[in-house]
Amino acid sequence: EKGPIQMELNTLSAPATVAMVDSLNEAELYDGVPFHRVVPNFVIQGGDYERNDGFGGPDFMIPTEVSEEGFVRGAVGIASAGTDTEGSQYFIMHQWKPHLNGSYTRFGRVTDGMDVVDEIVEGDRVLSTTWF
C-alpha cells in the first residue's frame, strides 16, 4: 500500500525457500496479506495468508537453510518456530541484528524500496507480488 519493494532472491543459498515463495506467489496467496508484525529498528513481518495475524501458515513446513550472509538492513528471511519449521511468513530487516545469524533462513535482500519498508506500519497490506 505504501509503494513498491523490489527484492533479489538467492536460489543458491535457499533453494527450498525460494521455490516455496515462488509457489505461494504463483497462487497469489501473498496478495492482500497484511504485515502483522512491525518492530521499529528490527523487522517488518508478513506472509500469514491463512489468518493474517501471525498465528497461521501453510499445512507444510520446509527445512531451515542457514546462509553465510548475515541479517543486515534489507535482508529478507523466513520466520521460524525452530529448526526446520519454516512456512509462509517472511520478514525484512530494518537494521543489522547478528543474533539472527546462523538460526534463520536468509533468502534475499531488498534492492529498491527500503524507504517503503521504513514507512510500513502494522496492518499495511501487500497489494500484489510479481516475479521479474
Side-chain angles (χ1 to χ4, degrees):
E1 292 176 324
K2 299 269 172 82
I5 301 169
Q6 292 182 349
M7 299 176 196
E8 176 181 87
L9 306 185
N10 189 335
T11 56
L12 293 178
S13 69
T17 303
V18 172
M20 185 253 330
V21 169
D22 178 47
S23 295
L24 297 177
N25 173 69
E26 287 296 317
E28 299 180 348
L29 292 175
Y30 285 131
D31 295 0
V33 176
F35 288 96
H36 61 269
R37 180 176 179 231
V38 176
V39 181
N41 299 316
F42 184 37
V43 297
I44 62 171
Q45 185 171 327
D48 176 4
Y49 62 82
E50 184 182 46
R51 293 179 39 144
N52 293 325
D53 63 3
F55 293 100
D59 58 357
F60 61 85
M61 291 183 268
I62 61 171
T64 304
E65 298 175 293
V66 175
S67 170
E68 291 183 18
E69 296 178 298
F71 283 92
V72 297
R73 179 170 168 75
V76 182
I78 284 288
S80 176
T83 303
D84 299 334
T85 63
E86 287 74 1
S88 63
Q89 295 185 36
Y90 60 89
F91 58 90
I92 303 172
M93 302 299 300
H94 279 295
Q95 57 179 258
W96 178 52
K97 296 296 180 187
H99 71 279
L100 299 180
N101 297 347
S103 298
Y104 291 85
T105 300
R106 177 180 164 169
F107 70 99
R109 67 181 182 92
V110 173
T111 58
D112 191 33
M114 276 306 295
D115 57 328
V116 176
V117 170
D118 292 338
E119 295 297 319
I120 289 176
V121 297
E122 194 170 306
D124 283 345
R125 295 185 177 275
V126 172
L127 297 180
S128 66
T129 58
T130 306
W131 289 114
F132 291 100

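Predicted, not measured: the structure shown is a model, and the values here were computed from it. Computed over heavy atoms, backbone and side chain alike; hydrogens, waters and symmetry mates excluded.
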Checking His94 against Val117 for the side-chain contact (heavy atoms from CB on, under 4.5 Å) test, could you report, in this order, the C-alpha distance in whole Å, the side-chain angles of both residues, the deciding distance, and whether it holds? CA-CA 8 Å; His94 279 295; Val117 170; 4.1 Å; yes
Walk me through whether His36 and Asn52 qualify under side-chain contact (heavy atoms from CB on, under 4.5 Å). CA-CA 7 Å; His36 61 269; Asn52 293 325; over 6 Å; no
Residues Asp118, Arg73; criterion salt bridge (Lys or Arg N to Asp or Glu O under 4.0 Å); working and verdict: CA-CA 11 Å; Asp118 292 338; Arg73 179 170 168 75; 2.6 Å; yes
Assess whether side-chain contact (heavy atoms from CB on, under 4.5 Å) is satisfied between Thr17 and Glu86, documenting all intermediate values. CA-CA 8 Å; Thr17 303; Glu86 287 74 1; 5.8 Å; no
Between Glu68 and Ser13, is the side chain to side chain donor-acceptor pair (under 3.5 Å) condition met? List the steps. CA-CA 8 Å; Glu68 291 183 18; Ser13 69; over 6 Å; no
Output, in order, the C-alpha distance, side-chain angles, deciding distance and verdict of side-chain contact (heavy atoms from CB on, under 4.5 Å) for Asn10 and Val18. CA-CA 7 Å; Asn10 189 335; Val18 172; 5.7 Å; no
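Follow the hydrophobic side-chain contacts under 4.5 Å out from Phe107 and you reach Ile92 in the same cluster. Hydrophobic clustering, with ILVMFWY side chains joined whenever heavy atoms are under 4.5 angstrom apart, groups Ile5 together with Leu9. Connection of Val126 to Val116 is established within a shared hydrophobic cluster, with ILVMFWY side chains joined at heavy-atom distances below 4.5 Å, either directly or through further cluster members. Cluster annotation: Phe42 is connected to Phe71 through the hydrophobic network of ILVMFWY side chains, with a link wherever side-chain heavy atoms come within less than 4.5 Å. Both Val33 and Val110 are members of a single hydrophobic cluster when ILVMFWY side chains are connected at heavy-atom separations under 4.5 Å.
Checked against ring pair (Phe, Tyr, Trp, His ring centres under 6.0 Å), Phe35 has no partners two or more places apart in sequence or in another chain. Taking Tyr49 as the reference, nothing meets the ring pair (Phe, Tyr, Trp, His ring centres under 6.0 Å) condition, with sequence neighbours excluded.
Taking the side chain as every heavy atom from C-beta outward, Met20 and Leu24 approach each other to under 4.5 Å.
The closest donor-acceptor contact from the side chain of Thr64 to the backbone of Thr83 lies at 3.5 Å or more, if one exists at all. Looking only at distances, no side-chain donor or acceptor of Gln89 sits under 3.5 Å from a matching main-chain atom of Gly57.
Counting heavy atoms of neighbouring residues, nucleotides and ligands inside a 6.0 Å radius, atom CZ of Phe55 does not exceed 12 of them. The environment of Glu1 atom CD is dense: over 12 non-hydrogen atoms of other residues, nucleotides or ligands sit within 6.0 angstrom.
How far CD1 of Ile78 is from CZ of Phe91: 8.0 Å, rounded to the nearest 0.5 Å. Rounding to the nearest 0.5 angstrom, the gap separating the OG1 atom in Thr85 from the CE atom in Met61 is 6.5 Å. Atom CZ of Arg37 is separated from atom CG of Asp53 by 13.5 Å, given to the nearest 0.5 angstrom. For the atom pair CG of Asp31 and CG of Asn25, the computed distance is 7.0 Å after rounding to the nearest 0.5 Å. If you take CD1 on Ile44 and CG on Asp124, they are separated by 9.0 Å, rounding to the nearest 0.5 Å. Expressed to the nearest 0.5 Å, how far CD1 of Ile120 lies from CD of Gln45 amounts to 12.5 Å.
For the side-chain hydrogen bond (donor to acceptor under 3.5 Å, both in side chains) condition, the pairs that include at least one residue of residues 96-110, sequence neighbours left out, are Glu8-Arg109.
When every heavy atom of Gly87 is checked against every heavy atom of Pro58, the shortest pair comes out as CA-CG, 3.9 Å. Residue Asn41 comes nearest to Gln95 through the heavy atom pair O-CG, 3.1 Å, listed as atom of the first residue, atom of the second, then distance.
Here Tyr90 and Tyr30 bring their ring centres to under 6.0 angstrom of each other.
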